[in-house]
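Only one structure is covered here, and it is reproduced in the block below.
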Amino acid sequence: MTLPFDSQPTTAPTTLEGVLERIVFSNEENAWTVARLSVPGHRDLVTAVGSLLGVQPGENLRLTGAWIQDPKYGKQFKVTSYATVTPATVGGIEKYLGSGLIRGIGKVMAARLVACFGLETLDVIENRPDRLVEVEGIGPKRSREILRAWAEQREIKEVMIFLQSHGVSTHYAIKIYKAYGPRATELVRENPYRLATDIYGIGFKTADKIAAALGVPPTAPQRLEAGSLYLLGQGADRGHVYLPRKSLLEEAEKLLGASPALVEQAVAALAETEQIVLEPLASAEEQAVFLKSLHAAESGVAARLRALLVQPPLPLEIDVDRALDWFERSEKIELARQQRQAVRAGLTRKVLVITGGPGTGKTTLVRGLVKILERKRQKVLLAAPTGRAAKRLAEATGAEATTLHRLLELDPKTRQFVRNREHPLSCDLLIVDEASMLDTILANHVLRAVPDHGRLILVGDVDQLPSVGPGRVLADLIRSTAVEVVRLTEIFRQAERSLIVVNAHRVNQGMMPVLESVDSDGDFFFIERPQPEELVETVAQLVSRRIPAKFGLDPVEQIQVLTPMNRGPLGTENLNTVLRELLNPQGVEVTRGGRTLRVGDKVMQVRNNYDLEVFNGDIGRIVAVDEVDQLVTVALDGREVVYDPGSLDELVLAYACSIHKSQGSEYPCVVIPLHSTHYVMLQRNLLYTALTRAKRLAILVGEERALRIAVGNRRVRARFTRLAERLAGPAGEPS
């Protein structure tokens, strides 16, 4: 539910006070919230709209604003400001304490507290906590826990008052308090721009508003430098390792409203303090501007690759032809010429790239390399960027495989990898699958951990989407010609029977896929649905009823909806709402920041969290919700991960996810909505990546026109990287 911007208040500003019953809608980007309140004197719940992000059901709110008459939704209270006030009734106190706002007090305990102390309940907790033991179920230990949580909440409230006055929502105030503790207000006053780098979800623009409210002038060097760093970070989010100086200056002038001269001074100051690195580009007048960490990572990848390539591998006495014949006999297969070439290179080359599309036998040759080398008592390690990809690699090869983060032994406390140049991996060969997902930073860590005597093989499909993180490592290695590359192009007979494989290759070559009737027994279908509303309804029916009935697939575990975008009726947000109501309509739930998570929900982690050892793109199921302590337990990759309230915004529903987020995963069935409203994202490599995620069944739903647009659009969004040039130049530096 949204409010048209032209709906104007019909009366003078007034004040309204009531208990928040539920949140109907909440947009974390602009703080717009639609909420229902129980207000004395009003028979029905009051609808309040405005900036209320972060409020929790059960809170007693004092709202300032005015009544409006919305033409579509009727009478609403448009909020201009709000404050949380202490509940004045027994019922309000019980609802407030039972809302989960105070960890350790749930609905049952809240009822007991109020039954015991009545209107004095909050005063007892605040000033006479020794009396808490009078309540059934509260002993000395539980009493101390409640008191500690209450004190923490009071401190958070103080931080909230300060931050709310500067436009920061309650939801982010809690995260800020968790990061900075009682010194939060002091630290934010000292440097409000630190919020943009320290707190997930707070960007430069929010920090800039706070800075302005605190009196930081628009031309302050602190502001201009923070804005420039923010833009470089935004560039990294788009996949760039650096930004051309001219582009950075233009973007900075637009964002900051500052003169070119002042922005130039800020960039120079950042370079002087070594927060950024400047490098000349081919044009003598242009420079590349790097964040220091990305420059170190890209330079490190190039330097380590060159160091590995000049070192001869340890001699391996092996008759390659005989070994290949042995593997073919043991597997009862016949390797293709390209596969034999790849295995031969894999047994001898220091660094090797193997690339190819679906059905070209990448996994078979990896299995061959592992079996031959293990027979020769060589130690081979297998890894992939994601848990799902690692699991698939282990199943396909019969050998142990792990994620790169686990292989490199991430230390959550230091957030550093234990395996590095000083403490390298113990192996003769490291094989990394799904190498198209390797971003520059992770690739640098991987290469640093390869021992001098060891060898490295990167296996991946270079035609898929590049990594989510900055860089295009696999493509740059191939483009550099510094590393030997084996390209697999032949589709095997077994794979040729799959329309998924055939059509993926057709799409990759710019040809329309073969479209089969949905009544056939094939594995690839297209269903024409020109209207977005029809398309959504068809996707919902396919996932919830038709596919499970015909193919026996579990709608949550085995079917994945992949869509090009996040917003709009065909985006992940709306599709997740629709699908959850069909697949998981009820269950114990928790709401934080306007986002509701429910036991049984399919969820995805959307950022790397080194404390929890979960990473961007990990998918799991919610198995438990602790309403008292506001903890959510998620089953991820065979283990259970417990999220506290401050981490819950890192989880999103995943019944539908973006195609970008599906990289490295494989699903028995994918359902792909395609519509001309996706126009900006209708690209060949996006569709190709989506199709190659399907193992058993792929169903496209939408417009044939949109399908033709995607197949015909081979434009790939350029990424600013220098890895290929570094590998071509002397000593790992650009030529």
Side-chain angles (χ1 to χ4, degrees), residues 204 221 224-256 258-307 309 353 436 438-444 447 462 465-483 485 685 714-735:
F204 171 80
L224 301 181
E225 291 173 23
S228 300
L229 291 172
Y230 163 75
L231 289 171
L232 288 170
Q234 289 289 99
D237 289 343
R238 298 195 302 271
H240 302 307
V241 178
Y242 73 89
L243 289 180
R245 184 167 183 152
K246 183 179 178 183
S247 298
L248 174 63
L249 295 177
E250 288 173 355
E251 289 185 41
E253 289 168 32
K254 193 181 300 181
L255 172 72
L256 302 168
S259 68
L262 286 175
V263 177
E264 284 273 15
Q265 288 176 17
V267 171
L270 289 170
E272 182 71 24
T273 55
E274 297 185 351
Q275 295 179 71
I276 64 173
V277 177
L278 305 177
E279 273 188 356
L281 288 171
S283 167
E285 301 173 1
E286 185 58 290
Q287 284 182 311
V289 185
F290 293 82
L291 288 171
K292 182 180 179 180
S293 60
L294 287 177
H295 182 267
E298 189 179 76
S299 300
V301 170
R304 185 62 187 142
L305 273 170
R306 291 170 68 93
L309 288 167
V353 169
S436 63
L438 274 179
D439 62 39
T440 302
I441 291 175
L442 186 54
N444 184 41
L447 282 158
V462 74
L465 290 169
S467 58
V468 174
R472 49 177 187 191
V473 174
L474 189 64
D476 280 350
L477 289 183
I478 294 171
R479 187 167 67 93
S480 74
T481 70
V483 175
V485 178
N685 66 343
R714 63 176 300 178
R715 291 194 304 273
V716 177
R717 191 174 296 172
R719 291 189 170 196
F720 295 120
T721 72
R722 305 215 70 205
L723 180 56
E725 286 77 10
R726 291 184 197 285
L727 287 168
E733 290 300 318
S735 56

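Being a predicted model, the structure only gives us computed values, none of them experimental.
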Inset, instruction - Quick one: do Arg472 and Leu723 satisfy side chain to side chain contact (heavy atoms under 4.5 Å, CB included)? Show the steps, please. - result: CA-CA 9 Å; Arg472 49 177 187 191; Leu723 180 56; over 6 Å; no
Legend entry - Val473 side chain reached by Thr440 side chain, heavy atoms, under 4.5 Å: yes
Inset, instruction - Taking the side chain as every heavy atom from C-beta outward, state whether Val468 and Asp439 have any pair of such atoms under 4.5 Å apart. - result: no
Inset, instruction - Output, in order, the C-alpha distance, side-chain angles, deciding distance and verdict of side chain to side chain contact (heavy atoms under 4.5 Å, CB included) for Phe204 and Leu256. - result: CA-CA 11 Å; Phe204 171 80; Leu256 302 168; 3.5 Å; yes
[atom2] on [Y] to [atom1] on [X], rounded to 0.5 Å:
X      : Y      : atom1 : atom2 : answer
Leu248 : Glu253 : CG    : CD    : 9.5 Å
Ser259 : Gln265 : OG    : CD    : 7.5 Å
Glu264 : Leu224 : CD    : CG    : 12.0 Å
His240 : Leu231 : NE2   : CG    : 11.5 Å
Leu281 : Phe720 : CG    : CZ    : 9.0 Å
Arg717 : Asn685 : CZ    : CG    : 10.0 Å

Looking at [X] and [Y], what are the two nearest heavy atoms and their distance?
X      : Y      : answer
Leu262 : Ala258 : CB-CB, 4.5 Å
Val263 : Ala252 : CG1-CB, 3.5 Å
Ala724 : Asp476 : CB-O, 3.7 Å
Val267 : Ile276 : O-CD1, 3.4 Å
Ala271 : Leu278 : CB-CD1, 4.0 Å
Glu225 : Ala269 : OE2-CB, 3.4 Å

Legend entry - Arg479/Glu725 salt bridge by N-O under 4.0 Å criterion: yes
Legend entry - Arg238 bridged to Glu251 by N-O distance under 4.0 Å: yes
Distance-only, no hydrogens or angles: does the [X] side chain make a donor-acceptor pair with backbone N or O of [Y] under 3.5 Å?
X      : Y      : answer
Thr721 : Gly471 : no
Ser299 : Ala296 : no
Arg304 : Leu447 : yes
Glu274 : Lys292 : no

Inset, instruction - List the steps, then state whether side chain to side chain contact (heavy atoms under 4.5 Å, CB included) holds for Tyr242 with Leu294. - result: CA-CA 8 Å; Tyr242 73 89; Leu294 287 177; over 6 Å; no
Legend entry - Given Val485, Leu438, Val353, the one that forms side-chain contact (heavy atoms from CB on, under 4.5 Å) with Leu474: Val353
Legend entry - With Glu279, the side chain to side chain donor-acceptor pair (under 3.5 Å) member among Arg245, His295, Gln287: His295
Inset, instruction - In sequence, state the C-alpha distance, the side-chain angles, and the governing distance for Arg719 and Ser467, and then conclude on side chain to side chain contact (heavy atoms under 4.5 Å, CB included). - result: CA-CA 11 Å; Arg719 291 189 170 196; Ser467 58; 3.5 Å; yes
